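Remember, it's a predicted structure, so these values are computed and weren't measured experimentally. In what follows, residues are counted from 1 in the order of the sequence shown.
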Amino acid sequence: MATLHREQSNVLARLLDGKSIAVSAPTSFGKSFIIDAFIAAKHPDTVVIIVPTIALMDETRRRLFKKFSEHYTIITAPDTRLGPNLELAVRRPPFR
């Protein structure tokens, strides 16, 4: 089992404390690991993850589906409304 480094622990602790945060960090920081740890620990009703590219959206969808599809609906369409069920929405922001 992997362990969190100090910066990851700080981010995860803030999330577990109920804080809404935005994280911008290098590729190797472990943002995906933090997201997965948060979902596994808190079992939130809805999670929205915004990613910058279609390729990353697809990669994130595949990872989340593999780990959480038994308990969540994975939504990747940017125009889909979230409903009352347990959902993980992976969204790409619109181009400007």
Could you tell me the separation between the [atom1] atom of [X] and the [atom2] atom of [Y], rounded to the nearest 0.5 Å?
X: I50; Y: L56; atom1: CD1; atom2: CG; result: 12.0 Å
X: L15; Y: I34; atom1: CG; atom2: CD1; result: 7.5 Å
X: I39; Y: I49; atom1: CD1; atom2: CD1; result: 5.0 Å
X: D36; Y: K67; atom1: CG; atom2: NZ; result: 3.5 Å
X: T73; Y: F65; atom1: OG1; atom2: CZ; result: 10.0 Å
X: R61; Y: I74; atom1: CZ; atom2: CD1; result: 9.0 Å

**Q.** Non-neighbouring partners of E59 that pass side chain to side chain donor-acceptor pair (under 3.5 Å), sequence neighbours left out
**A.**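 Side chain to side chain donor-acceptor pair (under 3.5 Å) list for E59, sorted by chain: empty.
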Q | Residues that R62 engages under salt bridge (Lys or Arg N to Asp or Glu O under 4.0 Å), provided they are two or more places apart | A |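 Checked R62 against salt bridge (Lys or Arg N to Asp or Glu O under 4.0 Å); matches are D58.
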Q: Please confirm whether the backbone N or O of T46 pairs with a side-chain atom of Y72, one donor and one acceptor, at under 3.5 Å?
A: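 The answer is no, because no donor-acceptor pair under 3.5 Å joins these two groups.
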Mind listing the side-chain donor-acceptor pairs of residues 25-33 below 3.5 Å, one per line with the distance, residues two or more places apart or on another chain?
from	atom 1	to	atom 2	distance (Å)
K31	NZ	A25	O	2.8
K31	NZ	P26	O	3.0
S32	OG	R63	NH1	3.2

Q) Any idea which heavy atoms bring E7 and H5 closest together, and the distance? A)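 Shortest heavy-atom contact: OE1-ND1, 3.1 Å.
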Q | Full working for side-chain contact (heavy atoms from CB on, under 4.5 Å) between N10 and R14 | A | CA-CA 6 Å; N10 291 338; R14 292 183 67 196; 5.7 Å; no
**Q.** Atom CZ of F38: over 12 foreign heavy atoms under 6.0 Å
**A.**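 Counting other residues, nucleotides and ligands, CZ of F38 exceeds 12 neighbours.
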